[in-house]
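Each chain gets a letter, A, B and so on, in the order the sequences are listed, and its residues count up from 1.
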Protein chains: 2
Amino acid sequence: MTAIKENSTLNANRENNKATCPVSYVMSKIGGHWKPVILYHLMSGPKRYSELKKLIPAITEKMLIQHLKQMQQDVLVIRKAENIVPPFVTYSLSFEGEELKPILDAMVEWAFARDFKA
Amino acid sequence: MTAIKENSTLNANRENNKATCPVSYVMSKIGGHWKPVILYHLMSGPKRYSELKKLIPAITEKMLIQHLKQMQQDVLVIRKAENIVPPFVTYSLSFEGEELKPILDAMVEWAFARDFKA
DNA sequence: ACAAGTACTTACCCCAAAGTATGTAAGATG
DNA sequence: CATCTTACATACTTTGGGGTAAGTACTTGT
């Protein structure tokens with residue numbers, strides 16, 4: 001969510017790619033180190049913030065909420081908070097988030113068809 | 001192809017993800033700003049280095065060969081050089097590179113099902 | 001002799017993404 | 001009353017991906 005500087009070729013290239021290449025567009029939504037992992041875990045159903053944290057031990061809390069927030073803005077995930085204390089917040093895939101499944105499934109299939117060993 | 005420092009949590013996390021999450025594994029192969037674009041152009045058949053350069057004007061030569069080299073190492077693309085001068089080098093998708101099509105196709109479909117406008 | 005073309009290579013720099021560390025609200029529980 | 005829990009927030013630092021710019025080898029065309 002950090003502010004973005006305007007005048008840099010780097011960012012110009014990025015914006016240009018997102019605008020002209022559908023694949024880059026998708027990458028801008030689900031790329032990076034953590035988004036796919038988070039999405040993967042949400043595929044198996046809604047999860048609490050703390051559950052996600054436990055499922056992905058290596059992620060820091062900062063990264064976790066940062067990406068959850070971004071994906072909320074991109075309407076890939078839905079945040080639902082019970083107004084109680086201690087807080088109870090669940091994250092789930094939106095309709096458009098669910099529609100990412102074919103992509104991720106294709107990726108998983110490809111990975112296992114190669115040298116990937118879980 | 002720049003050297004990679006060993007002892008950093010950043011890289012440790014990356015390696016860990018690649019090893020444990022199939023989606024991250026795929027991302028490590030085709031992620032980044034340029035790899036998908038290059039692959040996309042190779043989908044329509046083998047291309048010379050200079051052709052790729054013309055097809056992707058925004059890319060710098062450094063990035064182009066860097067990623068072509070990486071994808072060679074990952075056996076996604078095949079490099080074929082005629083031993084003549086001026087050089088004549090063609091890049092094409094390997095079998096495993098071709099098998100990325102379903103993934104990229106799924107991405108394109110998803111992009112157009114959303115607000116993406118070419 | 002000099003520019004042009006092709007496929008690179010190399011050195012240097014910059015910045016945004018990711019990591020580290022610490023703090024906060026508000027009620028439940030002992 | 002002090003600690004625990006949950007779901008964050010935020011300041012500060014690091015790092016590696018990408019950008020810029022320049023050079024190289026070898027031949028052909030003028």
Without decimals, in angstroms, what is the distance between Leu52(A) CG and dA7(D) C1'?
12 Å
Suppose clustering is done on Ile, Leu, Val, Met, Phe, Trp and Tyr with side-chain heavy atoms closer than 4.5 Å. Which residues sit in the same group as Ile84(B)?
Phe88(B)
First locate atom CG of Leu52(B), then atom CD1 of Ile65(B), and finally report the distance between them rounded to the nearest 0.5 Å.
12.5 Å
List for me each residue that meets side-chain hydrogen bond (donor to acceptor under 3.5 Å, both in side chains) alongside Asp74(A), sequence neighbours excluded, and say none if there are none.
Lys29(A)
Rounded off to whole Å, could you give me the CG-to-C1' distance for the Leu68(A) and dA9(D) pair?
14 Å
Take atom NE2 of His67(A) and atom C1' of dA16(C), then tell me their distance rounded to the nearest Å.
11 Å
In whole angstroms, the gap separating C1' of dT5(D) from CD1 of Ile84(A) amounts to 12 Å
Results of side-chain hydrogen bond (donor to acceptor under 3.5 Å, both in side chains) for Glu99(A) - residues two or more places apart only
none
Gln72(B): what forms a side-chain hydrogen bond (donor to acceptor under 3.5 Å, both in side chains) with it, not counting sequence neighbours?
none
In whole Å, I'd like the distance from the CD1 atom of Ile59(A) to the C1' atom of dC8(D).
14 Å
Given atom CE of Met63(B) and atom P of dT9(C), what is their separation to the nearest angstrom?
13 Å
Counterpart residues, side-chain hydrogen bond (donor to acceptor under 3.5 Å, both in side chains), relative to Glu98(A) (two or more places apart)
none
Under-3.5 Å N/O pairs linking protein and nucleotides 3-8 of chain C:
{"from": "dT6(C)", "atom 1": "O3'", "to": "Arg48(B)", "atom 2": "NH2", "distance (Å)": "3.1"}
{"from": "dT6(C)", "atom 1": "O3'", "to": "Pro87(B)", "atom 2": "O", "distance (Å)": "2.9"}
{"from": "dA7(C)", "atom 1": "OP1", "to": "Arg48(B)", "atom 2": "NE", "distance (Å)": "3.1"}
{"from": "dA7(C)", "atom 1": "OP1", "to": "Arg48(B)", "atom 2": "NH2", "distance (Å)": "2.8"}
{"from": "dA7(C)", "atom 1": "OP1", "to": "Pro87(B)", "atom 2": "O", "distance (Å)": "3.4"}
{"from": "dA7(C)", "atom 1": "OP1", "to": "Val89(B)", "atom 2": "N", "distance (Å)": "3.2"}
{"from": "dA7(C)", "atom 1": "OP2", "to": "Ser50(B)", "atom 2": "N", "distance (Å)": "3.1"}
{"from": "dA7(C)", "atom 1": "OP2", "to": "Ser50(B)", "atom 2": "OG", "distance (Å)": "2.9"}
{"from": "dC8(C)", "atom 1": "OP1", "to": "Arg79(B)", "atom 2": "NH1", "distance (Å)": "2.4"}
{"from": "dC8(C)", "atom 1": "OP2", "to": "Arg79(B)", "atom 2": "NH1", "distance (Å)": "3.2"}
{"from": "dC8(C)", "atom 1": "OP2", "to": "Tyr91(B)", "atom 2": "OH", "distance (Å)": "2.8"}
{"from": "dC8(C)", "atom 1": "N4", "to": "Glu61(B)", "atom 2": "OE1", "distance (Å)": "2.8"}

Value in whole Å for how far the P atom of dG23(D) lies from NZ of Lys62(B):
17 Å
Rounded to whole Å, how long is the line connecting atom NE2 of His33(B) with atom P of dC15(C)?
15 Å
